[in-house]
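For this chain, numbers begin at 1 and follow the sequence in order.
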Amino acid sequence: TPAQSLNISTRLRVDVGDKVMIAGFIITGNVPKPVVLRGMGPSLVGSGLPAASLLQNPLIELHGSNGALITSNDNWKDTQRAQIEGTIYEPTDDRESVIVATLPPAAYTVILKGVGGTTGIGLVEVYDNNQALDSALANISTRGFVKTGDEVMIGGFVLGGNNNPTRIAVRALGPSLSNFGLANVLADPT
């Protein structure tokens, strides 16, 4: 059996309008999957990024496959504090966002933006909160405005669940996104 994805994340400069970070993920399987979603910004200073370049007040929204808003979070302590505090998912900055949810198999979208139209480098994370269930995080895709230097898109993932090799596909798209009505696409992604 393939390994299950434990964590998937993308770091990118978050802007406004159609330049917010949009991450999609798919849950496959037969039962609802407990997940933790995080929208990070200020704590990224710990990874060597200048504080002035970071998204200072991230807000995440979770949308269903039909686009409807399921829930959102601005400051993690404002909602679900009891489920997050003291866990490995607790952010080091109170302005960061966390959503704990149990979701049936389907496609979902997470939008990361700055409160009040603020901008900066942010991070979206999706965690599998129970690998033992007969469901898995099967895919993540992220759309954002890719720049240069500290503002390139960085995707990461952790595989786990067993010691068997797992086949994965990693793609970087740009020109073909114009088929979906997007303009100003990355001409030659690497």
Spell out, yes or no, whether [X] and [Y] are grouped together once hydrophobic residues are joined by side-chain heavy atoms under 4.5 Å, including indirect joins.
{"X": "Val20", "Y": "Leu44", "answer": "no"}
{"X": "Phe25", "Y": "Met21", "answer": "yes"}
{"X": "Leu62", "Y": "Val126", "answer": "yes"}
{"X": "Val14", "Y": "Ile121", "answer": "no"}
{"X": "Ile27", "Y": "Val124", "answer": "yes"}

Do the side chain of Gln56 and the main chain of Gly120 share a donor and acceptor less than 3.5 angstrom apart?
no
Does Arg81 offer a backbone N or O that forms a donor-acceptor pair with the side chain of Glu85 under 3.5 Å?
no
Return the [atom1] to [atom2] distance between [X] and [Y], rounded to the nearest 0.5 Å.
{"X": "Lys33", "Y": "Ile26", "atom1": "NZ", "atom2": "CD1", "answer": "14.5 Å"}
{"X": "Leu55", "Y": "Leu49", "atom1": "CG", "atom2": "CG", "answer": "12.0 Å"}
{"X": "Leu103", "Y": "Ser135", "atom1": "CG", "atom2": "OG", "answer": "10.0 Å"}
{"X": "His63", "Y": "Tyr108", "atom1": "NE2", "atom2": "OH", "answer": "13.5 Å"}
{"X": "Asp134", "Y": "Asn30", "atom1": "CG", "atom2": "CG", "answer": "4.5 Å"}
{"X": "Lys113", "Y": "Ser97", "atom1": "NZ", "atom2": "OG", "answer": "11.0 Å"}

Are any non-hydrogen side-chain atoms of [X] and [Y] less than 4.5 angstrom apart?
{"X": "Tyr127", "Y": "Arg38", "result": "yes"}
{"X": "Val100", "Y": "Pro34", "result": "no"}
{"X": "Gln83", "Y": "Tyr89", "result": "no"}

Test side chain to side chain donor-acceptor pair (under 3.5 Å) applied to Asn73 and Thr79, step by step
CA-CA 7 Å; Asn73 181 258; Thr79 60; 2.7 Å; yes
Which residue, Ile60, Val35, Val36, Ile70, forms the side chain to side chain contact (heavy atoms under 4.5 Å, CB included) with Ile99?
Ile60
What closest approach, in Å, do [X] and [Y] show between heavy atoms, and which atom pair accounts for it?
{"X": "Pro42", "Y": "Arg95", "answer": "CB-NH2, 3.4 Å"}
{"X": "Leu112", "Y": "Gly39", "answer": "CD1-CA, 3.9 Å"}
{"X": "Pro91", "Y": "Glu96", "answer": "CB-OE1, 3.4 Å"}
{"X": "Pro105", "Y": "Gly29", "answer": "CG-O, 3.4 Å"}
{"X": "Thr71", "Y": "Leu69", "answer": "O-CD1, 3.4 Å"}
{"X": "Leu54", "Y": "Val45", "answer": "CD1-N, 3.3 Å"}

For Asp94 and Asn75, run side chain to side chain donor-acceptor pair (under 3.5 Å): C-alpha distance rounded to whole Å, both residues' side-chain angles, the deciding distance at 0.1 Å, then the answer.
CA-CA 6 Å; Asp94 293 349; Asn75 301 318; over 6 Å; no
Take Thr109 and Ile22 through the side-chain contact (heavy atoms from CB on, under 4.5 Å) test and state the conclusion after the steps.
CA-CA 7 Å; Thr109 302; Ile22 301 172; 3.5 Å; yes
